[in-house]
Protein chains: 2
Amino acid sequence: MLISLTEENYLKAIYSLSHLEADADVSTNQISDHLSIKAATVTDMLKRLAEKKLIHYIPYQGVKLSEKGKSTAIKVVRKHRLWEVFLVDKLQFKWDEVHEIAEQLEHINSDELIQRLDKFLGKPKFDPHGDPIPDANGQLNIVKAIPLNQHKTKGSFTFVGVAEHSKTFLQHLTSIGLKIGDAVKIEEINEFDNSFKVKINKTNSQFFSNKVASNILVEEKK
Amino acid sequence: MLISLTEENYLKAIYSLSHLEADADVSTNQISDHLSIKAATVTDMLKRLAEKKLIHYIPYQGVKLSEKGKSTAIKVVRKHRLWEVFLVDKLQFKWDEVHEIAEQLEHINSDELIQRLDKFLGKPKFDPHGDPIPDANGQLNIVKAIPLNQHKTKGSFTFVGVAEHSKTFLQHLTSIGLKIGDAVKIEEINEFDNSFKVKINKTNSQFFSNKVASNILVEEKK
DNA sequence: ACAGGTTTTTAGGTCAGCCTAAAAATTTGT
DNA sequence: ACAAATTTTTAGGCTGACCTAAAAACCTGT
Ligand SMILES: [Mn+2]
Ligand SMILES: [Mn+2]
Ligand SMILES: [Mn+2]
Ligand SMILES: [Mn+2]
């Protein structure tokens with residue numbers, strides 16, 4: 001059975017929305033907002049995806065991926081993230097430049113291609129934004145990273161990913177000089193505005209607004 | 001102005017068909033055959049392409065690319081051939097495996113991507129089948145190669161390309177052991193069936209049927 | 001010059017994927 | 001509990017890209 005580019009995008013949207021709240025159904029409006037497509041159109045598509053057994057759809061109640069839909073969505077995510085690694089590692093793109101191109105490349109259809117690309121890149125486990133890359137069987141590491149601003153005490157962490165993927169935010173981090181893998185130490189938490197004073201890689205100290213800190217995912221340093 | 005994937009394929013078809021006979025208009029039926037799309041549908045599309053000023057179309061008389069149409073077609077060809085080089089050189093695909101994947105990749109839209117891919121590959125001048133790769137300005141080397149079977153006397157040549165790109169023909173050449181760049185020496189031309197006895201790389205001799213020889217493009221050895 | 005064959009266009013239809021407007025179902029607040 | 005607000009679906013339309021069948025234009029041979 002062939003799945004169109006458009007259908008792949010719906011499945012991917014449902015997949016990522018389904019992780020916002022654990023195990024909750026995804027609503028028509030959520031998909032509509034996420035894809036910037038009118039709700040009436042989404043209803044249309046949900047009927048077609050249900051027809052193809054890619055989702056479980058109950059009118060007025062929302063939608064869940066079927067096993068087939070889930071594995072299709074994960075394959076698209078795998079392709080997206082592998083291509084992002086290619087663009088950054090091999091073609092020297094910056095991490096804020098690759099998403100739009102990967103949105104196109106993720107729909108290229110060839111198992112052989114992906115298998116070889118994966119090998120060429122050294123079977124990477126994470127993409128340039130710290131997001132885990134599903135393996136060929138669709139398994140992916142669950143990242144247990146926590147937004148920096150959820151830490152309420154001083155401590156040392158590693159910057160492992162971003163919660164927000166917008167170009168402007170990524171560029172902001174670049175201008176701050178913060179890269180994936182950097183050491184991040186909370187030196188002060190400001191009561192007044194919940195901003196953070198943070199030392200990066202044991203050298204320079206910076207102030208992060210709470211909003212910035214909320215989009216910086218860190219792990220306990222080991 | 002945005003050009004759809006389908007439109008790109010029509011422009012590419014017109015581009016390659018327009019080289020069969022120098023400067024002749026391309027007919028509706030030629031396009032129809034080439035793309036395996038019914039003539040009535042082709043007429044439809046020609047009207048739309050003419051509307052967009054991508055072709056010059058005179059009903060009942062055929063079609064020529066406009067400057068804009070031509071440069072669009074050449075860009076697609078450039079992308080196709082660069083991706084084929086990537087697949088063979090970097091991902092170790094065989095030359096008979098890459099065409100279908102490149103048919104998809106050629107529609108990825110990003111000037112920056114192509115510029116970087118070109119650089120990454122070392123600005124190659126030819127694709128894995130010996131076809132010239134247009135440069136960023138759309139200039140391409142005219143290959144003055146001649147089918148082997150058009151030579152009527154013994155002589156030494158270099159194998160520079162194929163006239164036929166089918167998987168089976170490419171695999172046949174691989175099994176013969178003939179690769180782009182190989183030295184090819186005509187040792188005998190058989191009067192009876194116009195087959196050729198050919199020495200490859202000064203080592204092993206082979207018989208080529210006239211049909212095979214007609215699809216092997218060679219240049220005078222220098 | 002014109003009949004017969006070929007090529008091309010026109011006419012009318014389908015399907016996917018989008019839309020707006022209106023109706024129906026559900027949820028929320030008092 | 002029920003009116004108001006919100007969400008979702010239905011109804012009807014449009015466009016791009018395909019199709020078949022039929023008409024029109026063009027070409028060819030005598
Ligand atoms: Mn991305
Ligand atoms: Mn990413
Ligand atoms: Mn090709
Ligand atoms: Mn090629």
Side-chain angles (χ1 to χ4, degrees), chain A residues 1-14 17-18 20-21 24-65 69 72-73 76 103-104 106-107 109, chain B residues 1-15 17-18 20-21 24-65 68-69 72-73 76 103-104 106-107 109:
Chain A
M1 189 215 15
L2 19 42
I3 297 172
S4 73
L5 180 151
T6 308
E7 288 168 338
E8 285 191 346
N9 281 336
Y10 276 86
L11 294 175
K12 192 168 59 118
I14 296 164
L17 290 169
S18 72
L20 298 186
E21 271 172 279
D25 282 14
V26 176
S27 75
T28 301
N29 268 2
Q30 278 181 292
I31 300 169
S32 166
D33 287 355
H34 189 82
L35 296 177
S36 301
I37 287 172
K38 292 288 174 291
T41 304
V42 172
T43 300
D44 250 39
M45 178 57 92
L46 294 184
K47 284 184 207 160
R48 264 179 285 146
L49 292 174
E51 194 65 41
K52 285 186 162 187
K53 309 276 188 204
L54 292 162
I55 60 173
H56 303 294
Y57 169 51
I58 304 172
Y60 294 103
Q61 192 176 303
V63 97
K64 263 191 169 61
L65 292 175
T72 304
V76 175
E103 285 291 307
Q104 297 182 60
E106 71 188 7
H107 301 291
N109 187 354
Chain B
M1 189 217 15
L2 19 41
I3 297 170
S4 73
L5 180 151
T6 309
E7 288 168 338
E8 285 190 345
N9 282 336
Y10 275 86
L11 293 175
K12 194 169 58 122
I14 296 165
Y15 178 75
L17 291 168
S18 71
L20 298 185
E21 270 173 280
D25 281 14
V26 175
S27 75
T28 301
N29 267 0
Q30 278 181 291
I31 300 169
S32 166
D33 288 355
H34 190 82
L35 296 177
S36 302
I37 286 171
K38 291 288 174 293
T41 304
V42 172
T43 300
D44 249 38
M45 178 58 92
L46 294 183
K47 284 185 206 157
R48 265 178 285 146
L49 292 174
E51 194 65 42
K52 286 185 162 189
K53 310 275 187 204
L54 292 163
I55 60 173
H56 302 295
Y57 168 52
I58 304 172
Y60 294 102
Q61 192 176 302
V63 96
K64 263 193 168 61
L65 291 176
K68 202 159 95 182
T72 304
V76 176
E103 284 291 308
Q104 298 182 59
E106 72 188 6
H107 301 292
N109 187 355

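Residue numbering restarts at 1 for every chain, and letters A, B, ... go by the order of the sequence lines.
No donor-acceptor pair under 3.5 Å is formed between the side chain of B:E8 and the backbone N or O of B:H107. Using a distance-only test at 3.5 Å, with no hydrogens or angles considered, no donor-acceptor pair links the side chain of B:T28 to the main chain of B:A39.
A heavy atom closer than 4.0 Å to some atom of DNA chain D occurs in A:A39, these being the qualifying members of residues 31-39 of chain A.
For the pair B:L46 CG and D:dG16 P, the computed distance is 15 Å after rounding to whole Å.
The side chain to side chain donor-acceptor pair (under 3.5 Å) pairs that include a residue from residues 37-50 of chain A number zero, where partners must be two or more places apart or lie in different chains.
Legend: residues meeting side chain to side chain donor-acceptor pair (under 3.5 Å) with A:D25, ordered by chain and number and at least two apart, are A:K64.
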Next on the checklist: Checking B:E103 against B:K12 for the salt bridge (Lys or Arg N to Asp or Glu O under 4.0 Å) test, could you report, in this order, the C-alpha distance in whole Å, the side-chain angles of both residues, the deciding distance, and whether it holds?
Outcome noted: CA-CA 11 Å; B:E103 284 291 308; B:K12 194 169 58 122; 3.0 Å; yes
Checklist outcome for this item: B/S/- along nucleotides 1-6 of chain D (protein heavy atoms under 4.0 Å) is ------
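Bounding nucleotides for the chain B contact on DNA chain C, 5' to 3', at a heavy-atom distance below 4.0 Å, are C:dT7 to C:dT10.
Residue A:T6 is in sugar-phosphate contact alone, with no base atom involved, counting any heavy-atom pair closer than 4.0 Å across all strands shown. As judged by a 4.0 angstrom heavy-atom cut-off over every strand, A:T28 is placed among residues touching the sugar-phosphate backbone only.
With a 3.5 Å limit on both pairing distances and Watson-Crick or G-U wobble geometry required, the stems of 3 or more pairs in DNA chain C span C:1-30 with D:1-30.
Taking CD1 from B:I14 and CG from B:L49, the interatomic distance works out to 6.0 Å, rounded to the nearest 0.5 Å.
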